[in-house]
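Notes to accompany the following structure.
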2 protein chains.
Amino acid sequence: MSSVVSLAEISRAARPLNWLDSIIKGDCVAALNALPDNSVDVVFADPPYNLQLGGMLHRPDQSLVDAVDDDWDQFASFEAYDAFTRAWLLACRRVLKPTGTLWVIGSYHNIFRVGAILQDLHFWILNDIIRRKTNPMPNFKGRRFQNAHETLIWATPNAKAKGYTFNYEAMKAANDDVQMRSDWLFPICSGNERLKGDDGKKVHPTQKPEALLARILMASTKPGDVVLDPFFGSGTTGAVAKRLGRHFVGIEREQDYIDAAAERIAAVEPLGKATLSVMTGKKAEPRVAFNTLIESGLIKPGAVLTDAKRRYSAVVRADGTLASGGEAGSIHRLGAKVQGHDACNGWTFWHFEEGSSLKPIDELRSVIRNDLAKLN
Amino acid sequence: MSSVVSLAEISRAARPLNWLDSIIKGDCVAALNALPDNSVDVVFADPPYNLQLGGMLHRPDQSLVDAVDDDWDQFASFEAYDAFTRAWLLACRRVLKPTGTLWVIGSYHNIFRVGAILQDLHFWILNDIIRRKTNPMPNFKGRRFQNAHETLIWATPNAKAKGYTFNYEAMKAANDDVQMRSDWLFPICSGNERLKGDDGKKVHPTQKPEALLARILMASTKPGDVVLDPFFGSGTTGAVAKRLGRHFVGIEREQDYIDAAAERIAAVEPLGKATLSVMTGKKAEPRVAFNTLIESGLIKPGAVLTDAKRRYSAVVRADGTLASGGEAGSIHRLGAKVQGHDACNGWTFWHFEEGSSLKPIDELRSVIRNDLAKLN
DNA sequence: CTAAAAGCTGAATCCTAAG
DNA sequence: GCTTAGGATTCAGCTTTTA
């Protein structure tokens, strides 16, 4: 898995070719044009934001902010940025299946232009999603509100496209049995997750957190689907797709990013089939979940939970449900089921191992709640 | 306070006219064109969202959702909506002071178009703000994420406008002493706050919560400022402006909305002056020169100052400069120089000995400022 | 050794009055 | 218009150093 393919190779080869699970080196639009029609289930795009930064910015302690001033984020004008945006969006639509959807992420610098062009091209917006950051960079000069979020747009290729994938039940179960909202909260990508070179410096200036991609793919794809990222960067989309049993295609111009992404993806261990099964609706086993803990890394998919006396055990799945003895469901339903009860508070029933002792998962929820409380 | 003025009256009258704290009946652009240049401190605009709703929507219990399908929300095309948007934005810019700012609120149906046009017209975006709703309407069909937010854009009339009002200190203090973020959480407008007619039905379909307007006005205006709302509706902007000691101007076409707004605003009791005073930071303090400390005898020529960790030291000279190792300059320049920085706040960097402890010379400046305050 | 303190950093359109 | 200089300004999370 995860080979690197040159644009020339794709163009030469008879289609279909082995471009799945590979990184295509080259210009985004040219590479897209080399791919077959209707071949991709979801596009996730993290295009340049066109930040238009002025001079240097210092923190109050006089240290210099390491700004995003790379060449790839420079555009001569809004017109140039708009033309670029139209080109890659049109190229993406051709390779998208009629039932596919497209995600774009951006900030106020570019997202309004992207959104308006999406509408002009007759894409159909399903949602705008707010990626709230728990730990954004402050506004050092006190002249604006702290810019604490980014915006995602989720759209179908046209207004009449109805067959797109949205794992509504799984999202709802993963959100304590209420439907998933349009405002999502994640930490920025830092710590061990952040790729660093031999010099200790970040490999890519804008690496996205895996938790964000995990929610996007769990919401809008099924296992085996093909996910295309036309601005692959350090390969977060590929890493999460592989882990979640989805195919990926990445397009990237810079060899340094390609090298880092290929190595990163090669190290990813895919999750097992049982962990990946996605809830399909009311016909599926009644389930609930708790995936903020999963997305935050407090509990990992595949982890085993037990009750306080270790009479029962269950495995955590990636969509935020539990599985045990052929049964699956939310923490509440499965807790009830294994005990033969009608109801159960999964938060206090299920425990995790810490050292040699067992603790209720409710303690982990408190951790999250404390974080949330700080934001309100 | 709060009279209703016809467009004809304004046009006939010699300016300046008593259009403050009144509702102007008429078309938004025509009414704006009747107002003088550079006369408004803040515009708050809640334009039609151009919702493009298809058929009727029913809840799972088959009850009908009361959608926004009013005539004023219907546009023939994106082009028509864009032309309308350009027209009112340009008209607003003319009446805005150079130091003024503009707020617009919208949803994914229209905000991307509004934002892109703002940029095309060379407005300069300061922030996009997310209004998170604690109690948004669910997605009844389970085909999308619950649309739980709206987006505001805050902008200056052009990129070079620097003198706008942002009550940073007040916002920070109101937010548990950490700077205010771009994601705001409010309940939707309901209960007693929601205006209802004699028939018990809501007066306006998109009435905004007063808490939202209060935060906007507390952040970006001073008492006595003029706030213009070109889509006045049920008059939330006017009610909050009056309560907070700001002037308002509302523009509205529909007589029913005007009547409801006028009655509502008349019932508002303004807060007292003491309640309205805005918290300010050091930026607003009178300037005190370092020389003043020497002249007043608080610091004597020849005294030795150090940084908080005694890593650097300097001698006070009679002319109000510091000297250290052959270098000399203002407290700021020399502080920067000894640290190898471009800039430095000498008031907080340099310390003097008091007993056995070190104190920043900023404390001596406070002494002077307190004396000055007694003279006023 | 642990605990506390200090240091570092993140998609940033980040000052303003006086001369 | 310009330049110059006074001096105001940061949150959370992780890592490294010091006590």
Side-chain angles (χ1 to χ4, degrees), chain A residues 46-70 72-73 75 78 105-111 131 133-151 187-194 196 200-202 204-209 231 233 371 374-375, chain B residues 99 119 123-128 155-156 159-160 162-164 166 168-169 172 175-182 280-291 309 320 329-333 335-336 341-350 361-362 365:
Chain A
D46 180 16
Y49 286 9
N50 187 24
L51 287 186
Q52 309 169 71
L53 302 178
M56 295 191 295
L57 179 66
H58 291 88
R59 298 184 180 83
D61 65 3
Q62 299 303 319
S63 63
L64 182 65
V65 174
D66 183 17
V68 178
D69 54 0
D70 305 70
W72 49 254
D73 199 47
F75 291 83
F78 283 137
I105 186 168
S107 66
Y108 67 85
H109 309 83
N110 71 321
I111 198 64
R131 172 204 166 189
K133 302 177 184 181
T134 58
N135 47 350
M137 191 185 293
N139 181 286
F140 295 114
K141 307 290 188 182
R143 294 301 292 142
R144 305 179 177 200
F145 297 96
Q146 182 182 30
N147 189 10
H149 73 278
E150 293 184 355
T151 301
I188 62 176
C189 182
S190 66
N192 280 336
E193 190 186 332
R194 188 89 193 208
K196 280 160 193 140
K201 290 182 179 170
K202 58 192 174 193
H204 193 282
T206 71
Q207 184 180 340
K208 294 286 174 288
F231 306 97
D371 289 344
K374 289 177 193 165
L375 296 174
Chain B
T99 56
Q119 292 180 312
F123 281 84
W124 195 248
I125 298 177
L126 295 171
N127 281 111
D128 60 336
T156 56
K160 299 203 177 64
K162 296 290 184 193
Y164 61 89
F166 177 47
Y168 173 79
E169 294 287 339
K172 182 174 173 176
N175 193 40
D176 266 16
D177 288 326
V178 292
Q179 57 182 216
M180 189 74 80
R181 297 165 47 108
S182 56
T280 56
K282 282 186 176 175
K283 281 175 186 167
E285 297 279 319
R287 179 173 287 191
V288 174
F290 181 62
N291 214 9
K309 294 182 180 171
S330 73
I331 54 173
H332 312 298
R333 302 286 2 129
H341 291 162
D342 289 335
C344 167
N345 184 341
W347 290 109
T348 52
F349 177 72
W350 293 110
I361 57 176
D362 200 33
R365 183 170 59 162

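Throughout, protein chains are lettered first and strands after them, A, B, ... in sequence-line order, and every chain is numbered starting at 1.
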Could you tell me how far [M] sits from [N] if I compare only their [atom1] atoms? Round to whole Å.
| N | M | atom1 | answer |
| --- | --- | --- | --- |
| D:dT15 | C:dA11 | C1' | 23 Å |
| C:dT9 | D:dT10 | C1' | 12 Å |
| D:dG6 | C:dC14 | P | 24 Å |
| D:dT18 | C:dC1 | C1' | 14 Å |
| C:dA12 | D:dA5 | C1' | 25 Å |
| C:dT13 | D:dG13 | C1' | 25 Å |

When we call it a touch if two heavy atoms are under 4.0 Å apart, what does [X] touch: a base, just sugar-phosphate, or nothing?
| X | answer |
| --- | --- |
| B:A343 | base |
| A:E193 | nothing |
| B:S330 | sugar-phosphate |

Rounded off to whole Å, could you give me the [atom1]-to-[atom2] distance for the [X] and [N] pair?
| X | N | atom1 | atom2 | value |
| --- | --- | --- | --- | --- |
| B:K309 | C:dA5 | NZ | P | 12 Å |
| B:D177 | D:dT10 | CG | P | 11 Å |
| B:F349 | D:dG6 | CZ | C1' | 17 Å |
| A:N192 | D:dC14 | CG | P | 9 Å |
| B:I331 | D:dA5 | CD1 | C1' | 12 Å |
| B:H341 | D:dA5 | NE2 | P | 20 Å |

**Prompt:** Does the distance from a Lys or Arg side-chain N to an Asp or Glu carboxylate O, for B:K282 and B:E169, drop under 4.0 Å?
**Reply:** no
**Fill in**
Of A:Q146 and B:K282, the one whose nearest nucleotide on DNA chain D sits closer to the 5' end is B:K282
**Prompt:** Do A:H109 and A:S107 have a side chain donor and acceptor closer than 3.5 Å?
**Reply:** yes
**Message:** Within 90° of 0 counts as syn, otherwise anti: where does D:dT10 fall?
**Reply:** anti
**Message:** Would you call the rings of B:W347 and B:F290 parallel, tilted or perpendicular, taking 30° and 60° as the class edges?
**Reply:** perpendicular
**Message:** Within the structure provided, determine whether B:I331 and B:N345 are in side-chain contact (heavy-atom separation under 4.5 Å).
**Reply:** no
**Fill in**
side chain to side chain contact (heavy atoms under 4.5 Å, CB included) filter on B:F166, not counting sequence neighbours, yields A:R143, A:F145, B:W154, B:Y164, B:Y168, B:M171, B:A219
**Asked** Counting just side-chain N and O atoms, does B:H332 come under 4.0 Å of either OP1 or OP2 of D:dG7?
**Response** yes
**Stems formed with participation of DNA chain C [Watson-Crick or G-U wobble, under 3.5 Å, three or more pairs]** = C:2-10 with D:11-19, C:15-19 with D:2-6
**Message:** Under the criterion salt bridge (Lys or Arg N to Asp or Glu O under 4.0 Å), I'd like the reasoning laid out for A:K201 against A:D66: C-alpha separation, chi angles, the key distance, then a yes or no.
**Reply:** CA-CA 11 Å; A:K201 290 182 179 170; A:D66 183 17; over 6 Å; no
**Asked** Which letters describe nucleotides 8-19 of chain C, given B = protein heavy atom under 4.0 Å from base, S = only from sugar-phosphate, - = neither?
**Response** -BBBBBBSS---
